Number of protein chains: 2
Amino acid sequence: MANADGRLARGELRKTLLLDAAVTVVAEHGYAALTHRAAAAGAGVSVASVTYHFPSIGDLREAMFQHAGSRIGLAFRDVIQAASARADDVPAITGSFVAHLVAERRLETTAVLEMVIAAGHDPSLRPLVRFFNDRLAELLGPYIGSQSDALTVAAAIQGIILSRIAQSDPDVAPGLRDAVVDLVQRYRSTPTTGGVGA
Amino acid sequence: MANADGRLARGELRKTLLLDAAVTVVAEHGYAALTHRAAAAGAGVSVASVTYHFPSIGDLREAMFQHAGSRIGLAFRDVIQAASARADDVPAITGSFVAHLVAERRLETTAVLEMVIAAGHDPSLRPLVRFFNDRLAELLGPYIGSQSDALTVAAAIQGIILSRIAQSDPDVAPGLRDAVVDLVQRYRSTPTTGGVGA
DNA sequence: CATGAATCGGTACAAATGTACTGTATCACG
DNA sequence: CGTGATACAGTACATTTGTACCGATTCATG
């Protein structure tokens, strides 16, 4: 899709540029501020370039959510693999991962949270929201035995992330990680080999 | 403000009618859908009546958040009083309260969650968001000794509520309450008098 | 009952937005 | 080197939205 056909590669490049700009708009000014013109201005291109790739505003919104979700999803894939290998380290891995999301992936994370809210009145978004819940639960799975508990903790972690993003205090990142680590540990079900106990 | 002056009473009545309609619009169609005309249509009144009480759209948005927050805040006041008297029952009280919010106060609760997201890029909303976090932490206070832990659990509960509203499954209410009760119990710090242990 | 403020419906207009249309440049391919 | 599809800039127009304005109605008060 890129090497064989240069035209498609160019188009995809512009698309990602536009979607990155769209994610930035949503994260910095809210879901309501995402317009063709706002995305065009953020990417430094013409409005027609946006309407060409995303003819209707619904297309832009949907692609923007998919894009933000894809970025986060890739990060999930790596950390899930690491967690499945060492179940005892799941709390620490999860805590660092969440801190990473809020710090280095703040824009995409914020956009995903906007998507979760939007899913409340837009059923078409629910499959993607459920996908993220399942991925987060999958990350916790090796440490938390119960699937039900894992989903609860996944939702709880989302709430902790939300509260930090809502306050937007840049200095709360370390406290965020500790809070997540502690939360996960309180749901431990599989016996750990080492550890002196908290 | 109501009995002494009939005109003000009438105005306040219309205001609450409009704000209830505004909250409904936000809960059912999202924050972006809140316009003067949408609120007017929802309340069955003219657009001028909305612009009279809320001249700019910013006034309407701000008052809508305040209104939804006020409704939830009143419910908080009662439950906090009940919880302070019986610390051992805090998990059950909190669980039932959360279930009540999602069931009977779904519209206001959804609007408040929209406000939390909006606070990420609108600092003027953060005091109200912090107020709710503090109230929820205050509710948990008698049961959870650490103020830091109480705030974490408060954020976690918000995440659990968010996940249920996002999925919008009406049959998950009982599971919701159990999940909240279990979560709070895992953060117990004060010794309970009775109880056989879970 | 007269009066003035509060309230509200109807209308109008400027700005923002969604979206279509036209022309042009780029690039793969024959 | 022509050719056609892709990609994009500029423009235009209809719709939506924010907001102001005017007139009618309600209601407390003297």
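Reckoned from all heavy atoms, side chains included, excluding hydrogens, waters and symmetry mates. We name chains A, B, ... by the order of the sequence lines, and we start the count at 1 in each one. Predicted, not measured: the structure shown is a model, and the values here were computed from it.
- Remark: A:His53 is in phosphate contact with D:dC8, judged by side-chain N or O atoms under 4.0 Å from OP1 or OP2.
- A distance-only check finds a donor-acceptor pair linking the side chain of B:Thr16 to the backbone of B:Leu13 [under 3.5 Å].
- The residues B:Arg186 and B:Asp182 are annotated as salt-bridged, a charged nitrogen and a carboxylate oxygen being separated by less than 4.0 angstrom.
- We find that CZ of B:Arg37 is positioned 11 Å from C1' of C:dA12, with the value rounded to whole Å.
- What separates NE2 of A:His36 from P of D:dT11 is a distance of 19 Å, to the nearest Å.
- At whole-Å resolution of the value, CG in A:Leu17 and P in D:dA7 are 15 Å apart.
- Computed from coordinates, the A:Ile57 CD1 to D:dT15 C1' distance equals 14 Å when rounded to whole Å.
- Within the structure, ring-ring contact (aromatic ring centres under 6.0 Å, His included) pairs that include any residue of residues 58-77 of chain B comprise B:Tyr31-B:Phe65, B:Phe76-B:Phe97 (at least two apart or interchain).
- Nearer to the 5' terminus of DNA chain C, by closest-nucleotide assignment, is the contact made by B:Ser49 (compared with the other of A:Thr51 and B:Ser49).
- Rounded to an integer number of Å, the gap from NZ of A:Lys15 to C1' of D:dT6 is 12 Å.
- Rounded to a whole Å, the CG atom of A:Leu13 is 15 Å from the C1' atom of D:dT6.
- Whole-Å rounding puts the A:Tyr52 OH to D:dA7 P distance at 4 Å.
- Taking 4.0 angstrom as the limit, A:Arg14 places none of its side-chain polar atoms (N or O) nearer than this to OP1 or OP2 of D:dA7.
- Here C:dG18 presents its C1' atom at 10 Å from CZ of A:Arg61, a figure rounded to the nearest Å.
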If you look only at distance, which donor and acceptor atoms sit under 3.5 Å apart when one is on a side chain in residues 57-64 of chain B and the other is two or more places apart or in another chain?
| unit_1 | atom_1 | unit_2 | atom_2 | d |
| --- | --- | --- | --- | --- |
| B:Asp59 | OD2 | B:Ser56 | N | 3.2 |
| B:Asp59 | OD2 | B:Ser56 | OG | 3.2 |

